[in-house]
Amino acid sequence: MTENPAPKLSDPTTSVEHVRAALERHAYIGSSRIATVVHLAMQLQKPVLVEGPPGVGKTELARTTAAMLDLPLIRLQCHEGLDEAKALYEWKYGKQLLYIQMLREQLDDVLDGARGLAESVERLHRHDDIFFSEAFVEPRPLLQALREPDGSVLLIDEIDKADEAFESLLLELLADYQVTLPEIGTIAAAGPPPLVFLTSNNTREVSDALKRRCLHLYIPFPDAALEAQIIRARVPEIPAALRGELVAFVQALREMDLRKLPAISETIDWARTLLLLHVDALDADWVRETLNVILKFQDDIERVEPQLPALMRRAAGGR
C-alpha cells in the first residue's frame with residue numbers, strides 16, 4: 001500500500017477533540033469514542049466496522065465524515081446476492097460490440113501483409129487484448145472509490161445483509177486498498193486511499209477475516225443527556241422543556257419489551273412531528289396520536305398504550 005503524507009497541522013482532524021468538534025459543526029453529536037475511532041481511521045488508514053442497533057447513526061457517521069472532510073461519499077447498499085458485477089465492475093458490452101464492428105470494417109488493414117495463418121491470428125490477438133482494458137470497464141462503487149484522485153469516503157452499508165462470499169471479495173480492498181480484475185490485473189488507489197465505513201445491524205456475524213482488517217466501533221442507544229444534545233443539534237427550534245419530556249419518554253420506551261425499540265432517528269422524527277403540530281408540552285392525547293412515528297409495529301403500540309400514564313409521569317420528570 002502506498003504511504004500517504006500525514007495531515008498538515010492546520011488540518012482540523014489532527015486530534016480527537018478536533019474531530020469531535022468538526023463532527024458537531026456538521027450536527028453529528030456523538031461520544032468521544034466515536035471521534036477517537038474516526039481519528040484513528042484517518043491516521044492509520046484503516047477501515048471501520050460500525051455495529052449497533054438500526055437508527056443509532058451508523059450510516060449518518062459516514063455521511064457526516066464525508067461532509068467534514070469535503071470528500072465525495074460513495075455508497076454501496078448491501079443485499080443478498082450482491083456480487084462483483086454490482087459492487088466492483090462490469091464490462092461496457094455496448095462499447096465492446098461497437099469496437100468489434102469497427103475492427104471488422106478495418107480487418108483488411110489489420111491483416112495487410114500478414115504471412116500465413118499464425119501471423120494473422122497473432123495480429124488479431126493484439127486487438128483482442130484491447131477489449132479487456134480499463135477503457136471498457138464500467139466501475140461500480142468499490143472501484144469508483146479507488147479511482148477518486150483526491151480520496152473519498154466509501155460506505156459499505158449493512159454488510160451483514162450480504163453473503164459471506166461477498167465478504168471475501170472485500171478483503172483485498174480493505175487490507176491493501178486495491179482490487180484485482182482477472183482480465184486486467186491489480187488496480188490500486190489513484191490517490192489517497194478511501195476512508196471506508198462498513199455498517200452492520202448484527203443480523204449475522206461477519207467473518208473474522210473482515211473484522212481483523214477493521215477498527216471496531218459499537219454505537220449503542222444514547223443516554224438521556226446525549227440524546228438531548230442530539231435533538232438540540234438536529235431540531236434546534238424545539239422548546240427545551242418539550243425536548244426533555246420527549247427524550248425521557250423515549251428512554252422509558254427503550255426499557256420495555258418491544259419488537260423494535262425507537263432509535264435516535266425516530267426520536268428526531270418525533271421531535272419534528274411535535275414541532276410541526278405546534279405541541280408545546282406532551283399530553284396523553286398527542287402521544288397517542290403520534291405513537292406511530294416512534295413505534296413501527298402495531299402490537300408495540302398496543303403494548304404501550306395501557307402504560308401511557310406511567311410513561312407520561314416519566315416524561316414529566318424529564319422537564
Heavy-atom closest pair, residues Leu71 and Asp150: CD2-O, 3.4 Å

Nearest heavy atoms of Gln77 and Leu82, plus distance in Å: O-CD2, 4.4 Å

Arg63 and His26, any side-chain heavy atoms less than 4.5 Å apart: no

CA sep, side-chain torsions, deciding dist, call: Leu170, Ile159, side-chain contact (heavy atoms from CB on, under 4.5 Å): CA-CA 10 Å; Leu170 293 176; Ile159 182 62; 3.7 Å; yes

Heavy-atom donor-acceptor pair, Arg147 side chain to Ala190 backbone, under 3.5 Å: no

Stepwise side-chain contact (heavy atoms from CB on, under 4.5 Å) test for Leu242 and Leu282: CA-CA 7 Å; Leu242 179 58; Leu282 283 188; 4.0 Å; yes

Same cluster (ILVMFWY, side-chain, under 4.5 Å), Leu274 and Leu276: no

OG on Ser32 to NE2 on His39, rounded to 0.5 Å: 13.0 Å

Residue pair Val247 / Ala224: nearest heavy atoms and the distance that separates them: CG1-O, 3.6 Å

Expected output: side-chain Arg140 to main-chain Glu84 donor-acceptor under 3.5 Å: no

Neighbour count above 12 (heavy atom, 6.0 Å) for Glu305 CD: yes

Spatial distance of atom CG (Asp283) from atom CZ (Arg288) [nearest 0.5 Å]: 9.5 Å

Flag side-chain contact, heavy atom, 4.5 Å: Val38 against Val16: no

Side chain Asp163, main chain Phe166, donor-acceptor under 3.5 Å: no

Asp299, CG: over 12 other non-hydrogen atoms inside 6.0 angstrom: yes

Heavy-atom donor-acceptor pair, Tyr28 side chain to Gly57 backbone, under 3.5 Å: yes

Using distance only, find each side-chain donor-acceptor pair of residues 250-259 under 3.5 Å and give its atom names and separation, not counting sequence neighbours.
{"from": "Gln251", "atom 1": "NE2", "to": "Pro222", "atom 2": "O", "distance (Å)": "3.0"}
{"from": "Gln251", "atom 1": "NE2", "to": "Glu227", "atom 2": "OE1", "distance (Å)": "2.8"}
{"from": "Arg254", "atom 1": "NE", "to": "Pro262", "atom 2": "O", "distance (Å)": "2.7"}
{"from": "Arg254", "atom 1": "NH1", "to": "Glu227", "atom 2": "OE1", "distance (Å)": "2.8"}
{"from": "Arg254", "atom 1": "NH2", "to": "Glu227", "atom 2": "OE2", "distance (Å)": "2.8"}
{"from": "Arg254", "atom 1": "NH2", "to": "Pro262", "atom 2": "O", "distance (Å)": "3.2"}
{"from": "Glu255", "atom 1": "OE1", "to": "Arg314", "atom 2": "NH1", "distance (Å)": "3.3"}
{"from": "Glu255", "atom 1": "OE2", "to": "Arg314", "atom 2": "NH2", "distance (Å)": "3.2"}

Note, Leu198 side chain near Val206 side chain (heavy atom, < 4.5 Å): no

Pairs satisfying ring pair (Phe, Tyr, Trp, His ring centres under 6.0 Å), at least one member in residues 238-294, at least two apart: Phe249-Trp270

Ionic contact status for Asp83 with Lys86, cut-off 4.0 Å: no

Verify same cluster id: Leu171, Leu181 (apolar side-chain graph, 4.5 Å): yes

Arg75/Asp157 under salt bridge (Lys or Arg N to Asp or Glu O under 4.0 Å): CA gap, chis, key distance, verdict: CA-CA 7 Å; Arg75 179 175 180 174; Asp157 214 7; 2.6 Å; yes

ILVMFWY network linking Leu277 to Ile301, side-chain heavy atoms under 4.5 angstrom: yes

CG-CD distance between Leu291 and Gln298, expressed to the nearest 0.5 angstrom: 9.5 Å

Criterion side-chain contact (heavy atoms from CB on, under 4.5 Å) on Val50 and Ile34, from CA distance to verdict: CA-CA 10 Å; Val50 190; Ile34 292 175; over 6 Å; no

Other residues, nucleotides, ligands: >12 heavy atoms within 6.0 Å of Arg204 CZ: yes

Side-chain donor or acceptor of Thr199 paired with backbone N/O of Glu158 under 3.5 Å: yes

Note, Cys78 side chain near Ile156 side chain (heavy atom, < 4.5 Å): yes

Glu167 (side chain) donor-acceptor with Leu210 (main chain) under 3.5 angstrom: no

Donor-acceptor under 3.5 Å (Asp269 side chain, Val293 main chain): no

Close side-chain approach of Pro53 to Tyr218, heavy-atom, < 4.5 Å: yes

Asn202 versus Gly52, closest heavy-atom pair with distance: ND2-N, 3.8 Å

NZ/Lys211: more than 12 non-hydrogen atoms of other groups inside 6.0 Å: yes

Steps toward side-chain contact (heavy atoms from CB on, under 4.5 Å) verdict (Glu237, Val235): CA-CA 6 Å; Glu237 305 87 353; Val235 195; 3.9 Å; yes

Minimum heavy-atom distance between Ala248 and Ala315, given as atom pair plus value: CB-CA, 3.9 Å

Considering all heavy atoms, the nearest Leu174-Pro47 contact: O-CG, 3.6 Å

Heavy-atom donor-acceptor pair, Gln144 side chain to Ile74 backbone, under 3.5 Å: no

Minimum side-chain heavy-atom gap Ile294-Leu246 below 4.5 Å: no

Ile230 side chain near Leu226 side chain, heavy-atom distance below 4.5 Å: yes

Student check: side-chain heavy atoms of Gln178 and Glu172 closer than 4.5 Å: yes

